[in-house]
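Here's the structure, in structure tokens; my notes come after.
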Amino acid sequence: LTKSMLERRRLQKQQQNDNNSVEDDDINNSTKELLKWDESLQSIKTDEELIQLAKDNPAFFAPNVWPSNCLPELECAFRDVGVLVQEVGVLVAQCCDSYVSARCPCYEPKLESIIRNSKCCKGLLLT
């Protein structure tokens, strides 16, 4: 996974050097989508920092393993559920911000923004 992140980082740098005009032939659609989500990694200056970050935080850098051969629709379904969980999280955060703001005048609503803009979301399904 670190290898693929380093490749995406190389493409990001190429994109910046080309004034955000990387040719479509250079990268496929899935890589374009990944580049969009990698924006939070741009604060990391060197490849060595990225490698160390991956070593220090293996849960955030572990690759997903999909049984594509026997259950090809699983990946898409899980991605859709992930989007739904994040959207519900934003709605819950809005309610929390509203509730706390009504009771604590000094509170500046921020939970919604944190949930909406986080690139390191983890979900927990409670049954």
Sequence neighbours left out, what passes salt bridge (charged side-chain N to carboxylate O under 4.0 Å, His left out) with E87? Give chain and number order.
none

Test side chain to side chain contact (heavy atoms under 4.5 Å, CB included) on V81 and V85 and set out the steps.
CA-CA 6 Å; V81 168; V85 167; 4.1 Å; yes

Can you find a pair of side-chain heavy atoms, one from E112 and one from I114, that are under 4.5 Å apart?
no

For atom CD of E108, is the number of surrounding heavy atoms from other residues, nucleotides or ligands below 6.0 Å larger than 12?
no

Please give me the minimum heavy-atom distance between C70 and P72, naming the atom from each residue.
C-CD, 3.7 Å

Common cluster, F78/V65, ILVMFWY with side-chain heavy-atom separation under 4.5 Å:
no

Neighbour count >12 (heavy atoms, 6.0 Å) for atom OH, Y99
no

Among side-chain atoms of S101 and D97, is any donor-acceptor pair under 3.5 angstrom?
no

When you group the ILVMFWY residues by side-chain heavy-atom contacts below 4.5 Å and let the links chain together, are V90 and V100 in the same group?
yes

Any side-chain heavy-atom pair from D80 and L84 closer than 4.5 angstrom?
no

Does Q86 use its side chain to pair, donor to acceptor, with the backbone of I115 at less than 3.5 Å?
yes

Please tell me if the side chains of Q94 and L91 come closer than 4.5 Å, counting only heavy atoms from C-beta onward.
yes

